[in-house]
A.B. asks: 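I am attaching a structure below and will ask some questions about it afterwards.
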Amino acid sequence: MALLVQKFGGTSVGDPERMRAVADHVARTVRKGNQVVVVISAMGKETDELLRLASEVSDTRPGREMDMLVTAGERKATALLCMAIADLGIEAESFTGSQAGFLTDSTHRNAKIIDVKPHRIVEALAAGRVAVVGGAQGVSPERNVTFLGRGGSDTTAVALAHALGAQSCELYTDVTGVFTSDPRVVEDARRMDRISFDELLEMTANGCPKPAMRSVEFARNYDVELHVRSAFTWEHGTIVTKEDNTMEQAIVSAVVHDADEAKVTIGGVADRPGIAARMFRALADSDINVDLIVQNTSDHGVTDISFTVPHSELEPALAICNDHAGELGASRVSGESAIARVSVVGAGMKSHPGVAATVFETLAANNINIEMIATSAIRVSCVVAESEVERAVIALHDAFGLADGPVYVD
Ligand code: ASP
Ligand code: MG
């Protein structure tokens with residue numbers, strides 16, 4: 001008998017028929033002799049709908065009330081799923097995040113988990129019931145309902161799997177696993193059987209939308225095995241585990257891209273200690289999440305600094321840079337939003353030379369100009385024009401032969 005956590009995303013429970021299909025899958029898993037804890041998202045686009053409703057009703061939208069509102073989506077889904085499971089002759093009990101023991105900080109809209117004390121879930125399992133937990137929610141020290149943020153249900157599932165010592169955390173979604181590239185862009189993108197936490201973390205930090213990055217980070221930190229799979233075809237998906245030294249390492253596993261990037265350039269600043277420090281402190285103090293940073297070599301004691309931010313932060317970032325331009329002695333500040341980042345990720349590149357060279361050669365052969373470059377031990381990223389990024393992804397996927405299967409380090 002295994003204890004499994006099964007998480008279902010919004011499209012997986014998007015309508016009554018989907019709800020019943022999920023109930024059926026849960027019931028089958030129980031009948032095979034497993035204990036099951038379900039974590040569920042709000043149905044379909046309900047979270048977006050609730051957020052839209054709030055903005056039509058109020059300009060103020062206090063965080064406490066927003067969290068009470070948004071978490072109602074998941075709560076509704078838990079009750080409906082329990083009813084559908086009951087129809088199949090299996091007892092199921094719904095729980096809010098608070099009832100399931102999710103203690104969080106008080107940062108409404110984006111709360112962080114402090115502790116998970118799932119006593120009631122353990123009791124439900126001991127009584128032979130399925131526990132169905134509302135995703136992305138918890139309770140603050142002030143006993144207010146909190147929301148863990150968009151995509152928070154993945155984190156709920158992983159945290160619960162860890163707290164309960166579950167054998168596996170299955171993340172059911174509308175795709176069949178983790179792919180070598182976005183299948184909407186690369187026709188022959190391939191589903192991977194297996195990938196390491198570190199690689200998936202790099203992928204999610206660089207444009208791969210699912211699973212939510214925070215959940216992958218949590219899974220890596222606590223070594224919670226993930227199984228990303230489809231709630232539509234129910235086939236076996238992608239297993240995410242820690243990198244094992246006996247496992248063969250793919251030189252390149254995936255090519256991901258992120259079009260939600262914009263660039264800010266501050267030109268003609270003095271090349272002396274303290275300039276970058278002052279600029280990036282001002283950005284950090286305004287909660288602007290800077291991504292890639294490049295400083296040019298100086299010419300006659302002056303230099304240019306460029307950095308990227310998500311589209312939504314371009315205007316505030318430009319405003320801050322303009323405010324500080326005088327004090328930094330900058331001669332110009334400019335912004336560009338039609339850029340995107342393409343990244344090649346693979347654990348094997350740590351010990352295998354030539355990946356960066358192949359990336360640059362491939363982009364050059366396709367006449368795609370590189371505006372910025374950044375690397376980590378297992379990633380090479382290039383910023384290119386947004387209009388070129390899909391071509392770049394297709395060319396790189398092809399150059400590394402990813403459609404045919406991984407090339408391993410020998
Ligand atoms: N329903 C929320 C969202 O769409 C949270 C979640 O289920 O992950 O972001
Ligand atoms: Mg862009």
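Atoms within each ligand, like the ligands themselves, are counted from 1 in listed order. Hydrogens, waters and symmetry mates play no part in the numbers below; they use all other heavy atoms, side chains included.
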A.B. asks: Which residue pairs satisfy the ring-ring contact (aromatic ring centres under 6.0 Å, His included) criterion with at least one member in residues 99-153, sequence neighbours excluded?
C.D. replies: none

A.B. asks: Enumerate, one pair per line, all nitrogen or oxygen atoms of ligand 1 lying under 3.5 Å from a protein nitrogen or oxygen, stating the separation to 0.1 Å; write 'none' if no such pair exists.
C.D. replies:
| from | atom 1 | to | atom 2 | distance (Å) |
| --- | --- | --- | --- | --- |
| ligand 1 | 1 (N) | T47 | OG1 | 2.8 |
| ligand 1 | 1 (N) | E74 | OE2 | 2.7 |
| ligand 1 | 4 (O) | R150 | NH2 | 3.1 |
| ligand 1 | 7 (O) | S41 | OG | 2.6 |
| ligand 1 | 7 (O) | E74 | OE2 | 3.2 |
| ligand 1 | 7 (O) | S153 | OG | 2.5 |
| ligand 1 | 8 (O) | G151 | N | 3.4 |
| ligand 1 | 8 (O) | G152 | N | 3.1 |
| ligand 1 | 8 (O) | S153 | N | 2.9 |
| ligand 1 | 8 (O) | S153 | OG | 3.3 |
| ligand 1 | 9 (O) | R150 | NE | 2.8 |
| ligand 1 | 9 (O) | G151 | N | 2.9 |

A.B. asks: Would you say T60's side chain and P62's backbone share a donor-acceptor pair under 3.5 angstrom?
C.D. replies: no

A.B. asks: Using the ring of each side chain (for Trp, its six-membered ring), is F280 parallel, tilted or perpendicular to F307, with breaks at 30° and 60°?
C.D. replies: perpendicular

A.B. asks: Only counting residues at least two apart or in another chain, list the ones meeting salt bridge (Lys or Arg N to Asp or Glu O under 4.0 Å) with E313.
C.D. replies: none

A.B. asks: Hey, could you give me each pair passing side chain to side chain donor-acceptor pair (under 3.5 Å) that has a residue in residues 13-24? Not counting sequence neighbours.
C.D. replies: D24-R28

A.B. asks: Of the options D154, T204, N110, which is the one that meets R214 in a side chain to side chain donor-acceptor pair (under 3.5 Å)?
C.D. replies: N110

